[in-house]
Amino acid sequence: MPKIKTNRGAAKRFRQTANGYKHKQSFARHILTKKSSKRKRFLRGTKAVKHCDVMSIRRMLTHAS
C-alpha cells in the first residue's frame with residue numbers, strides 16, 4: 001500500500017499546541033479599508049480551533065512530521 005500523505009495546505013495553516021490546535025484568523029489580508037479598526041484588531045494574532053473541528057484537522061495532520 002502507498003504511504004498516506006499529510007494535507008500540506010492544512011500543515012501550513014494549523015499548529016498543534018498542548019491543548020489542541022491554533023490558526024491565524026482569516027479575512028485580514030486585503031480589502032482592509034472598509035473594515036473598522038476594531039474588526040482588524042480582533043483579526044490579529046492566533047486563535048484556537050473549535051472543539052468540533054479538531055477531529056477533521058487531526059485527520060489531515062496525522063502524518064505530519
Side-chain angles (χ1 to χ4, degrees):
M1 285 190 55
K3 292 180 180 179
I4 300 172
K5 294 186 176 182
T6 298
N7 183 316
R8 298 313 295 165
K12 293 169 189 174
R13 286 168 172 80
F14 301 103
R15 292 283 177 261
Q16 190 167 14
T17 64
N19 299 320
Y21 294 90
K22 65 180 181 179
H23 68 98
K24 182 108 173 69
Q25 184 69 38
S26 56
F27 303 107
R29 289 289 178 207
H30 62 103
I31 315 175
L32 296 171
T33 53
K34 65 173 73 171
K35 295 172 185 162
S36 67
S37 298
K38 180 180 179 180
R39 184 173 167 191
K40 289 186 279 191
R41 185 168 62 247
F42 280 100
L43 293 175
R44 282 188 214 139
T46 57
K47 309 286 189 257
V49 171
K50 300 280 183 176
H51 180 69
C52 59
D53 296 323
V54 168
M55 282 309 296
S56 60
I57 291 169
R58 190 173 293 156
R59 198 173 302 122
M60 289 187 278
L61 299 178
T62 308
H63 310 285
S65 55

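Nothing here was measured: the structure is a model prediction, and the numbers come from that model.
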Next on the checklist: T62 vs T6, test: side-chain contact (heavy atoms from CB on, under 4.5 Å). Steps then yes/no.
Outcome noted: CA-CA 7 Å; T62 308; T6 298; over 6 Å; no

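Taking the side chain as every heavy atom from C-beta outward, L61 and N7 never approach each other to under 4.5 Å. Side-chain contact between D53 and Y21: absent, with no pair of heavy atoms (C-beta onward) separated by less than 4.5 Å. Contact check for F42 versus Q25: no side-chain heavy atoms found under the 4.5 Å cut-off. Within the 4.5 Å cutoff, the side chain of R8 has no heavy atoms near those of the R13 side chain.
Here the side chain of K38 pairs no donor or acceptor atom with the backbone of K35 at under 3.5 angstrom.
To the nearest 0.5 Å, atom NZ of residue K47 and atom NZ of residue K24 are 8.0 Å apart. Rounded to the nearest 0.5 angstrom, K3 NZ and K5 NZ are separated by 10.0 Å. In this structure, the separation between CD on Q16 and CD1 on I57 is 10.5 Å, given to the nearest 0.5 Å.
Here the closest non-hydrogen pair linking A28 and L43 is CB-CB, 3.8 Å. H23 and A48 make their closest contact through NE2-O, 3.8 Å (heavy atoms, listed as atom of the first residue, atom of the second, distance).
If you chain together hydrophobic residues whose side chains sit under 4.5 Å apart, F27 and L32 never meet in one group.
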